[in-house]
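Take a look at the structure set out below.
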Amino acid sequence: MSNTMRGVYTGLAKIRRTVFSEVARLAYQGGTDADDSGEGDASDYSWVDELPYKIIPGDVAAYRESVFLERAVVGERIRLAMGLPLQGVDKPAKLSDGVAEAAKPETYYQPPLINVIKFACNACEDNVYRVMPSACQGCLAHPCREICPKGAITFKDKKAFIDHSKCIKCGRCAQVCPYQAIHHHVRPCAEACGMNAIGSDEHGRAQIDYDKCVSCGQCLVNCPFGAIADKSQIFQVIQAVRAGEEVIAEVAPAFVGQFGGKGNVDKLREAFRDLGFSGMEEVALGADLCAVQEARDFLDEVPEKIPFMGTSCCPAWSVMAKKEFPEHADCVSMALTPMTLTARLIRKQHPNAKIVFVGPCAAKKLEAMRRSVKSEVDFVLTFEEMAGMMDAKGIDYTKLAGEGSSDFDVASADGRGFAVSGGVATAVANAIHRVHPDREVKVANAEGLSECRKMMKMAVKGKYDGYLLEGMACPGGCVAGAGTLQAINKTTGAVKMYAKKSPNKNATDNEYIGYIPELERPGDGIHIHADEAEAIAVQETFEAQKPQV
């Protein structure tokens with residue numbers, strides 16, 4: 001799975017972040033005709049129609065063949081940033097259509113969450129072998145021709161030529177070419193998709209199979225043309241803030257270093273305060289509780305009841321495992337995710353607050369749409385979307401003085417380590433050892449959904465009996481999520497350093513452990529069997545991705 005563009009500030013990244021910033025800026029302003037106080041007519045959304053011209057000024061194209069196409073693509077990205085559906089270019093429509101409804105704080109995304117902007121797609125070739133004439137030397141041996149089982153390779157003007165009507169895409173020719181002159185072309189978004197959910201429409205453009213997509217977001221960060229984007233709730237969060245709601249952020253452990261600096265918590269608190277939030281809590285608190293829950297599940301069930309146990313915190317991985325291996329769905333822990341546990345902790349003291357999960361993950365947006373989670377988490381923002389809000393308010397994170405606090409409400413080093421691949425399994429194993437020091441905990445972990453699938457196949461075959469399995473949809477863990485801002489290796493190091501600063505090493509040291517039995521009970525009064533609840537959650541995940549008819 002490719003990560004070649006991660007952490008590189010490209011022209012595409014600039015456009016994406018500028019869209020977030022401009023949508024946030026005008027949402028804070030409230031309308032087009034702002035007075036001296038910065039307030040405008042909250043019912044006037046005509047400014048949306050003007051945004052593409054502000055983001056793409058002038059009459060000379062910088063990225064595509066025409067400035068009109070550039071503005072059309074930006075227009076679609078603006079709508080997605082406001083949680084609105086794509087419009088396309090096949091009929092006349094105002095960009096601002098539907099904005100009034102989207103402006104309501106309680107508005108959720110209109111499915112699907114992950115979208116292909118068709119006219120932005122390059123219709124890249126997928127799974128095709130081609131000869132690069134400049135590299136082919138027309139050698140005497142002709143190993144490519146000799147090894148081809150279908151006789152698909154001939155020579156013209158001393159250069160190899162592949163007949164694609166005969167080619168079976170076995171790749172043997174590319175393997176034996178001494179000059180590496182035969183290249184395997186793969187669509188970047190399809191290569192990045194661990195669910196094999198991306199195919200082609202009748203025009204060769206990318207098309208998502210929503211019966212497979214789990215919203216990991218790897219396609220959107222690996223598309224070099226910016227043709228794939230997910231929907232945002234920036235607009236709705238800001239409406240809640242402007243309406244005077246109590247809005248509390250819960251921040252994922254991968255936050256360290258995302259906005260510059262070394263992850264200073266006091267600066268982060270000040271930034272959220274300046275954005276209009278009422279408070280901020282650390283999701284690593286919920287990660288501690290999740291680790292303790294999973295340690296309990298492992299001790300209770302493996303291997304007496306189930307042969308192995310998978311972790312639950314990555315929604316894309318857990319949904320994939322339950323969807324594709326339904327007969328082993330009970331082998332994935334039923335523990336609540338850190339996002340949900342932290343939200344329930346916050347609601348104990350702030351029952352009427354709007355809770356915003358801020359993190360690296362696109363799949364969390366889908367998780368928050370489930371019936372069982374909607375009542376806990378009101379909004380989900382990525383770090384990239386939050387950076388847009390900070391830019392809109394003129395906040396330079398590195399220059400903030402901080403509001404005096406030196407730490408969160410102290411989560412353990414193990415809880416903070418959830419953000420890095422291998423961190424979840426380590427936390428659970430350490431929690432088990434705190435209770436049973438001599439208990440052997442065999443661990444296997446996989447990064448990327450393709451590797452996760454391989455791990456599950458091996459587990460189903462009995463290769464991992466007695467094991468704790470950690471699955472992460474993003475290669476590198478949560479620090480590699482689709483909504484991150486920094487290079488993966490840089491953030492990994494920063495998270496590990498920050499985790500070491502915690503005065504608590506083990507998840508069992510968390511002072512909120514005693515609340516677990518109460519937090520496990522949903523606040524909406526729904527009481528159904530756990531297996532049924534998970535079946536419903538998996539089905540809701542895929543239904544929430546399908547376009548509305």
Original post:
Angle class for the Phe383/Phe259 ring planes (parallel below 30°, perpendicular above 60°, tilted otherwise)?
Top reply: perpendicular

**OP:** Show your working on side chain to side chain contact (heavy atoms under 4.5 Å, CB included) between Ile56 and Val67 and close with a plain yes or no.
**Re:** CA-CA 8 Å; Ile56 306 291; Val67 71; 3.6 Å; yes

**OP:** Compare every heavy atom of Met339 with every heavy atom of Val380, then report the nearest pair and how far apart it is.
**Re:** CG2-SD, 4.4 Å

Original post:
Can you list the steps and then say if Ser278 with Arg273 is a side-chain hydrogen bond (donor to acceptor under 3.5 Å, both in side chains)?
Top reply: CA-CA 6 Å; Ser278 307; Arg273 184 194 66 198; over 6 Å; no

**OP:** Would you mind telling me which of Val479, Val424, Leu449 makes a side-chain contact (heavy atoms from CB on, under 4.5 Å) with Met472?
**Re:** Val424

Original post:
With a 4.5 Å heavy-atom cut-off, do Ile355 and Glu376 have their side chains touching?
Top reply: no

Subject >> Arg347-Ser375 side chain donor-acceptor pair, cut-off 3.5 Å >> reply: no

Original post:
What distance separates Leu400 CG from Asp396 CG, expressed to the nearest 0.5 Å?
Top reply: 7.0 Å

Subject >> Exam field: side chain Lys267 to backbone Thr398, donor-acceptor pair closer than 3.5 Å >> reply: yes

**OP:** Decide, yes or no, whether a salt bridge links Arg16 with Glu384 under the criterion of side-chain N to carboxylate O below 4.0 Å.
**Re:** yes

**OP:** For the pair Asp209 (side chain) and Asp211 (backbone), establish whether a donor and an acceptor sit closer than 3.5 Å, ignoring hydrogens and angles.
**Re:** yes

**OP:** Give, for atom CZ of Phe277 and atom CD1 of Ile248, the distance between the pair rounded to the nearest 0.5 Å.
**Re:** 10.5 Å

Original post:
Which pair of heavy atoms, one from Arg25 and one from Ala392, lies closest together, and at what distance?
Top reply: N-CB, 3.3 Å

**OP:** Could you tell me whether a side-chain N or O of Asp391 sits under 3.5 Å from a main-chain N or O of Ala387, the two making a donor and an acceptor?
**Re:** no

Original post:
When rounded to the nearest 0.5 angstrom, what is the spacing between NZ in Lys354 and CD1 in Ile346?
Top reply: 14.5 Å

Original post:
Between Thr337 and Glu367, do the side chains contain an N or O donor and an N or O acceptor separated by less than 3.5 Å?
Top reply: yes

Original post:
Which pair of non-hydrogen atoms, one from Ala321 and one from Val332, has the smallest distance, and what is that distance?
Top reply: CB-CG2, 4.0 Å

Original post:
So, do Met320 and Lys323 sit near enough that their side-chain heavy atoms are less than 4.5 Å apart?
Top reply: no

Original post:
Any side-chain donor-acceptor pair under 3.5 Å between Ser21 and Thr18?
Top reply: no

**OP:** Grab the two heavy atoms, one from Ala100 and one from Tyr45, that are nearest each other, plus how far apart they are.
**Re:** CA-CE1, 3.8 Å

Subject >> Test item: Asp49 and Ser96 side chains (from C-beta on) under 4.5 Å apart, heavy atoms >> reply: yes

Original post:
Going through the checks in order, is the side chain to side chain contact (heavy atoms under 4.5 Å, CB included) test met by Thr491 and Thr484?
Top reply: CA-CA 9 Å; Thr491 308; Thr484 53; 5.9 Å; no

Original post:
Out of curiosity, Asn127 CG to Glu125 CD, how far, rounded to the nearest 0.5 Å?
Top reply: 10.5 Å

**OP:** Sequence neighbours left out, what passes salt bridge (charged side-chain N to carboxylate O under 4.0 Å, His left out) with Lys365? Give chain and number order.
**Re:** Asp230, Glu385

Original post:
Counting N and O atoms only, with roles assigned by atom type, does the side chain of Arg79 sit under 3.5 Å from a partner on the main chain of Pro85, one being a donor and the other an acceptor?
Top reply: yes

**OP:** Evaluate whether atom CG of Asp59 has more than 12 neighbouring non-hydrogen atoms of other residues, nucleotides or ligands under 6.0 angstrom away.
**Re:** no

Subject >> Nearest non-hydrogen partners of Ala206 and Cys189, listed with the distance >> reply: CB-SG, 4.1 Å

Subject >> Close side-chain approach of Leu268 to Tyr397, heavy-atom, < 4.5 Å >> reply: yes

Original post:
Run the side chain to side chain contact (heavy atoms under 4.5 Å, CB included) check on Val377 and Glu250 step by step: do they pass?
Top reply: CA-CA 10 Å; Val377 179; Glu250 51 167 335; 3.8 Å; yes

**OP:** Is it possible for you to check whether Lys393 lies under 6.0 Å from the centre of the six-membered ring of Tyr28, through NZ or CZ, and within 45° of that ring's axis?
**Re:** yes

Original post:
Would Ile228 and Ile117 satisfy side chain to side chain contact (heavy atoms under 4.5 Å, CB included), going step by step from the backbone distance to the final call?
Top reply: CA-CA 6 Å; Ile228 306 178; Ile117 304 171; over 6 Å; no

**OP:** Could you tell me whether the side chain of Leu26 reaches within less than 4.5 Å of the side chain of Leu51, counting heavy atoms only?
**Re:** yes

**OP:** Decide yes or no on ring pair (Phe, Tyr, Trp, His ring centres under 6.0 Å) for Phe255 and Tyr498, but give the supporting numbers first.
**Re:** CA-CA 10 Å; Phe255 84 91; Tyr498 180 65; 5.6 Å; yes

Original post:
Is any side-chain heavy atom of Cys223 closer than 4.5 Å to a side-chain heavy atom of Leu220?
Top reply: no

Original post:
Between CD of Gln29 and CD1 of Ile238, what distance do you get to the nearest 0.5 Å?
Top reply: 11.5 Å

**OP:** Give a yes or no on whether the backbone of Ala102 and the side-chain of Gln236 come within a donor-acceptor separation of less than 3.5 Å.
**Re:** yes

Original post:
Which distance, rounded to the nearest 0.5 Å, do you find between the CZ of Phe357 and the CD of Glu281?
Top reply: 14.0 Å

Original post:
Does any N or O in the side chain of Arg269 come within less than 3.5 Å of the main-chain N or O of Met280, such that one atom is a donor and the other an acceptor?
Top reply: yes

Subject >> Flag for Ser421-Glu447: side-chain donor and acceptor within less than 3.5 Å >> reply: yes

Original post:
Within the distance-only criterion (no hydrogens, no angle test), does the side chain of Trp317 pair as donor or acceptor with the backbone N or O of Thr311 below 3.5 angstrom?
Top reply: yes

Original post:
Considering all heavy atoms of both residues, which atom of Pro338 and which atom of Cys313 are nearest to each other, and what is their separation?
Top reply: CD-CB, 3.6 Å

Subject >> Side-chain heavy atoms of Met195 within contact of Arg453, under 4.5 Å >> reply: yes

Subject >> Lys54: partners by salt bridge (charged side-chain N to carboxylate O under 4.0 Å, His left out), with sequence neighbours left out >> reply: Glu22

Original post:
Is Lys118 paired with Asp201 through a side-chain N to carboxylate O contact shorter than 4.0 Å?
Top reply: yes

Subject >> Counterpart residues, side-chain hydrogen bond (donor to acceptor under 3.5 Å, both in side chains), relative to Arg71 (two or more places apart) >> reply: none

**OP:** Check whether any side-chain heavy atom of Ile198 sits under 4.5 Å from a side-chain heavy atom of Cys219, and report yes or no.
**Re:** yes

**OP:** Look only at the side chain of Asp126 and the backbone of Arg187, and say whether a donor-acceptor pair between them is shorter than 3.5 Å.
**Re:** yes

**OP:** Determine, step by step, whether Glu70 and Arg64 satisfy the salt bridge (Lys or Arg N to Asp or Glu O under 4.0 Å) criterion, reporting the C-alpha distance in whole Å, the side-chain angles of both residues, the deciding distance to 0.1 Å, and the verdict.
**Re:** CA-CA 6 Å; Glu70 288 183 351; Arg64 299 178 185 270; over 6 Å; no

